[in-house]
Amino acid sequence: MAATARSLLDRLIQHAVGPKRTSPAATSASTIIRHLDSGDLRKAIATLSSSASPFPDNVYASLLHLCSSRRSLVDVRRVESHLVAFSPSSSPSIFLLNRTIVTYARCGSPADARELFDEMPTRDGGTWNAMISAYALSDCPNEAVSLFSRMNSAGIRPKDVTLASVLGCCADLLASFLARQIHCLILKYGYLPNVILDTSVVDVYGKCLEMNDARKMFDLILHPNEISWNVIVRRYLEAGSAGEAMLMFFQMIREGVKPLSFTVSNTLKACSKVLALKEGNQIHAYLLKTGFEGDNVVGCSLMDVYAKCGVVDDARQLFDQLPCKDVVSWTSMISGYVACGRVDEAEKIFEEMPERNVISWNALLAGYIRFFCWDKASDFFCRMWRETGKLDLVSLGLQLNACAGISDLDRGKQIHGFAYRHNWESDKFFRNQLVDMYAKCGNLRNAEISFSIMADQRDTVSWNSLISGYIRYGRSEETLVALSEMQRETIPNEFTFTTILAACANIFMLDVGKQIHAFMVRNGFQLNAIVRGALVDMYSKCRLIEYAIKIFEEESTRDLILWNTIILGCAYNGRGEQSLDLFEEMKKEVAADNVTFIGVLLACVSQGYVDLGRRYFDSMSNEYGIIPRIEHYECMIELLGKYGWMVELEDFIQRLPFEPTIPMWIRIFDCCREHGNIRLGERAAKFINESNPLTPVQFEIIPRAGHHMPCSSG
DNA sequence: ATAGGGTTAG
């Protein structure tokens, strides 16, 4: 390169002649500063490279500064080589080299930083500090910690900032034992009290979920500043102690510290987590008094509290009053409506919003998924791709849920492939969704493959999805083996137990079912409506209907499925009367669906209420707008046939909107033999024999011991 | 060290 050749020449001349009074370096220094001031890094570097003499330290420092904000690794390398090559005393300022180390890290190359560190003939304390910060910045906490321990054994005193960054690394590594040692060092070097270090100690204990220690440290801080308060609130929130987070916030206010908006927002997140509407309102009042109205961060969190607590209209009011709405506030409003199940209003907001990003699209997509609008979700997903050309792993994961919901294996595979091509498929959430999609679509082999690929990331959710796949596709026996394998790797939760209970119900494993029930009670699991549903189902299938009824009665929020389970359970256990009573009670709380009517009709079968059953059957379409399915027709055939209403049965068959199935014909055939309906019985025989000519049946009426009695009446 | 979207059950 010409510039390099000229620089070399300049340097030779300079050596031969000696520095002049007005050296060219002085003029190029001001040129470089001028370029840096106007933000022209390229020209500044060009000027630097064309000069073969050293510059004052502040020129290099300013160059490094701009390199780091431009993240330009190649330019840092140029600055470093100039610095090393032309330094007057053949060893450049250690201070500048330390700066260079950090700059390399900021430009994304801890390797360059380490190379420079290793090559430096003399280092000072700052060099170690720089290299440790460089590792911390580059997300290499292990390297940072081990370098710190080398530094410590070399007897070099760390600066407070170094200690702070090493503490941060301990947090990344969740290494509370290291954090404790560093805490001791801080005390030993006498750095305390120092709000920044104190707060870092609180932060590291909190991140390691050692909340008692975090709090102890916090209480020792003489004058916690707003950042210290922010840290303790946030740590409580993330450790799952929403109540403590709220208490700390109120204490902060009492002590007269004005919170950062992040602190307010974190406290509000705590409120929405535990549905603390009252506290949310109090904070709202405080915010109005202290002038937070225009703050979007705070506004969005408050909207979230209102939406989660079911007063979405308050959220809407807040939204309407926001002085300058941005994408985030619009998106918050969408998820607010989604949280309350008002998807149509979420749609309206979505259509009205002036600009959208991936997250806004995902918010509405999540709404469709949450309320089982799978086709709508798929259409929306396609529209998103068509209109924006953008998707991310959350959109794909949601779409996988839709595929699982409608058992669309082909589309699921396409999504899998798309994620694979974008190198997105290593995400744990996404992988769990993949396992679930394959399991729900019945492709257990692919579910197992996806499951084994994520070996090191597997959690309770992954196991739950796989196990529920086994049960759904008739492999209930395998669940116990899977459960014990699971326990070697992770801890089962109520989802797991619910699934295992379903297996127990399927294959009548009463003992295991009882054990799980007892285990949950002993270990303080709260039995929600879903767990109770599984217990009710297990006990009623295993013929312990009394247990089932007791568990049902202990639940206060009874949804459709729970009602259906107990109604079916009673009918199945021959307690038709009780089923029908429960059905009458149910109607006051929730709307019946087609499953309910299977239970109701079976109850009539068990009690011999033929006429009542016919009326219920007619009411399905007349009153409830529920179209009878094959199961309901089967129940009616059973009801009429079992009790010998042969005229009505023949009429019913005549009016069927479809040809009876072979199992139906077989049941009709048997009833006709028992109750003596030759015409229908021979018709049934004809259909059965057509479907299976190898073992034909012959119709004949079973002779009765006593007199023959037609049971049919009007 | 910066708001908004995502996983499993009857």
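Just so it is clear: chains get the letters A, B, ... in the order the sequence lines come, proteins before strands, and each one is counted from 1.
- A salt bridge links R235(A) to D203(A): at least one charged side-chain nitrogen sits closer than 4.0 Å to a carboxylate oxygen.
- Whole-Å rounding puts the L318(A) CG to dA3(B) P distance at 18 Å.
- Pairing each heavy atom of T499(A) with each of I471(A), the nearest pair is O-CD1, 3.0 Å.
- Listed by chain and residue number, nothing satisfies the ring pair (Phe, Tyr, Trp, His ring centres under 6.0 Å) test with F381(A) (two or more places apart in sequence, or in another chain).
- Aromatic ring centroids of W330(A) and F350(A) lie 6.0 Å or more apart.
- A donor atom on one side chain and an acceptor atom on the other are found under 3.5 Å apart for E555(A) and T557(A).
- Atom C1' of nucleotide dT2(B) and atom CD of E238(A) are separated by 13 Å, given to the nearest angstrom.
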* Structure fact -> Nucleotide by nucleotide, nucleotides 4-10 of chain B touches protein heavy atoms under 4.0 Å in the pattern (B base, S sugar-phosphate only, - none) BBBBBBB
